[in-house]
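Here the structure comes first, spelled out in structure tokens, and everything after it is commentary.
Side chains are part of it too, since the values below use all heavy atoms of this structure and drop only hydrogens, waters and symmetry mates. Treat the numbers as computed from the prediction; the structure is a model and nothing was measured.
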Amino acid sequence: MQAAPTRDGPRVNEEIRVPQVRLIDDQGEMIGIMSTRDAMMRAFSVGLDLLEISPNAEPPVVKILDYGKFKYEQQKKKNEARKKQKVIEIKEVKVRPNIDENDYQVKMRAMKTFIDEGDKVKVTLRFRGREMAHQDLGVKVLERIRGDMDELAKVEQMPRLENRQMVMVLSPR
């Protein structure tokens with residue numbers, strides 16, 4: 001059994017070094033098993049390339065086609081796939097334990113926008129000075145955020161204390 005191609009992409013023309021191949025012509029019809037040299041002659045007679053489609057088959061399957069066009073189509077497919085993929089970012093929203101109602105509503109609107117865009121939201125509640133003694137106020141704020149965001153987002157990481165701040169991560173449902 002012949003080893004798979006070592007370089008990236010399929011083998012073309014003279015790179016195909018097996019005695020026999022199964023040939024598919026440029027119209028997509030199965031011709032059958034023949035020597036590699038005969039298959040290459042057929043490809044060159046119509047002005048196209050011989051491309052190894054399935055190197056691990058016995059014998060390997062080759063097809064007559066335009067290699068430049070094939071590479072172009074592959075690149076186009078790759079670019080299209082990359083366009084469709086969404087990168088999930090983590091947006092951070094900082095709040096305080098004694099946050100004002102208006103500020104709270106502004107932060108909530110921002111969080112809802114981030115969640116609607118498909119991003120995760122990291123809510124950071126920072127304690128300053130003596131606020132560390134009243135961590136229960138911080139927990140209440142985070143619980144309120146969790147309650148208000150319940151229909152849009154789920155809690156991916158429960159609130160936890162890191163040094164002087166509490167962190168909670170929300171992700172879209």
Side-chain angles (χ1 to χ4, degrees), residues 1-94 107-124 142 145-146 148-163 165-173:
M1 186 143 133
Q2 185 72 21
T6 51
R7 67 180 188 95
D8 54 328
R11 291 185 282 213
V12 189
N13 298 334
E14 287 81 19
E15 295 171 2
I16 303 169
R17 299 195 194 283
V18 287
Q20 285 191 321
V21 291
R22 185 178 305 270
L23 180 68
I24 300 172
D25 70 1
D26 51 325
Q27 269 73 49
E29 293 190 28
M30 176 70 71
I31 302 297
I33 298 173
M34 60 173 50
S35 75
T36 306
R37 180 190 285 156
D38 291 343
M40 218 172 294
M41 293 301 212
R42 279 192 180 208
F44 291 152
S45 69
V46 289
L48 296 172
D49 300 301
L50 193 65
L51 183 81
E52 193 173 39
I53 302 294
S54 177
N56 297 329
E58 195 56 49
V61 179
V62 295
K63 188 173 183 180
I64 296 175
L65 48 74
D66 183 2
Y67 184 59
K69 194 174 181 182
F70 173 79
K71 273 178 44 176
Y72 173 73
E73 294 291 331
Q74 293 293 331
Q75 187 66 38
K76 223 165 126 179
K77 281 182 194 171
K78 206 162 92 178
N79 288 345
E80 200 62 39
R82 196 171 59 222
K83 247 185 243 176
K84 286 191 171 101
Q85 103 190 155
K86 166 82 172 101
V87 177
I88 297 175
E89 293 180 30
I90 297 182
K91 305 283 189 173
E92 187 173 16
V93 175
K94 294 182 178 178
K107 302 279 186 183
M108 286 306 295
R109 273 199 302 276
M111 281 188 260
K112 285 178 182 168
T113 321
F114 295 149
I115 293 290
D116 289 341
E117 289 170 1
D119 295 324
K120 293 181 181 181
V121 177
K122 178 180 178 181
V123 183
T124 306
L142 289 178
I145 290 172
R146 192 169 83 182
D148 291 349
M149 295 294 287
D150 204 32
E151 68 275 355
L152 290 174
K154 61 181 183 283
V155 177
E156 189 174 282
Q157 183 182 4
M158 292 304 279
R160 71 171 201 273
L161 194 64
E162 294 176 355
N163 299 332
Q165 56 190 18
M166 272 190 180
V167 177
M168 175 173 73
V169 178
L170 302 170
S171 62
R173 284 206 181 272

Please enumerate all residues that pass side-chain contact (heavy atoms from CB on, under 4.5 Å) together with [X], with sequence neighbours excluded.
{"X": "K69", "result": "D66"}
{"X": "D148", "result": "Y104, M108, R144"}
{"X": "N163", "result": "none"}
{"X": "E151", "result": "none"}

When rounded to the nearest 0.5 angstrom, what distance separates [atom1] in [X] from [atom2] in [Y]?
{"X": "L50", "Y": "M41", "atom1": "CG", "atom2": "CE", "value": "12.0 Å"}
{"X": "I16", "Y": "D49", "atom1": "CD1", "atom2": "CG", "value": "9.5 Å"}
{"X": "I90", "Y": "E156", "atom1": "CD1", "atom2": "CD", "value": "7.0 Å"}
{"X": "K154", "Y": "K120", "atom1": "NZ", "atom2": "NZ", "value": "8.5 Å"}
{"X": "I64", "Y": "M40", "atom1": "CD1", "atom2": "CE", "value": "11.0 Å"}
{"X": "R17", "Y": "R11", "atom1": "CZ", "atom2": "CZ", "value": "9.5 Å"}

>> Check K91 with E89, please: is the shortest side-chain N to carboxylate O separation under 4.0 Å?
In response: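 Yes, E89 and K91 are salt-bridged.
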Would you please name every residue forming a side-chain hydrogen bond (donor to acceptor under 3.5 Å, both in side chains) with [X], sequence neighbours left out?
{"X": "D116", "answer": "none"}
{"X": "K107", "answer": "none"}
{"X": "R37", "answer": "none"}
{"X": "S35", "answer": "D38"}

Donor-acceptor pairs under 3.5 Å, side chain of residues 24-32 to any protein atom, not counting sequence neighbours: which ones?
unit_1 : atom_1 : unit_2 : atom_2 : d
D25    : OD1    : Q27    : N      : 3.1
D25    : OD1    : G28    : N      : 3.1
D25    : OD1    : E29    : N      : 2.8

> Checking side-chain contact (heavy atoms from CB on, under 4.5 Å) for the pair L51/V12: CA distance, chi angles, key distance, verdict?
Replying inline: CA-CA 5 Å; L51 183 81; V12 189; 3.6 Å; yes
Please identify each residue that fulfils salt bridge (Lys or Arg N to Asp or Glu O under 4.0 Å) with [X], with sequence neighbours left out.
{"X": "K77", "result": "none"}
{"X": "E117", "result": "none"}
{"X": "R146", "result": "E143"}

Residue pair [X] / [Y], side-chain heavy-atom distance below 4.5 Å:
{"X": "V155", "Y": "L170", "result": "yes"}
{"X": "I33", "Y": "P59", "result": "yes"}
{"X": "V93", "Y": "F114", "result": "yes"}

Exercise: identify the closest heavy-atom pair between [X] and [Y]:
{"X": "P10", "Y": "Y67", "result": "O-OH, 4.4 Å"}
{"X": "V21", "Y": "A39", "result": "CG2-CB, 3.8 Å"}
{"X": "I115", "Y": "S171", "result": "CD1-C, 4.1 Å"}
{"X": "L142", "Y": "M168", "result": "O-CE, 3.6 Å"}
{"X": "V167", "Y": "K122", "result": "CG1-CE, 3.6 Å"}

>> For the residue pair E92 / T124, report whether a side-chain donor-acceptor contact shorter than 3.5 Å exists.
In response: yes
> Got more than 12 heavy atoms from elsewhere within 6.0 Å of CZ, F44?
Replying inline: yes
> So K84 and E80, side-chain contact (heavy atoms from CB on, under 4.5 Å) or not? Walk me through it.
Replying inline: CA-CA 6 Å; K84 286 191 171 101; E80 200 62 39; 3.7 Å; yes
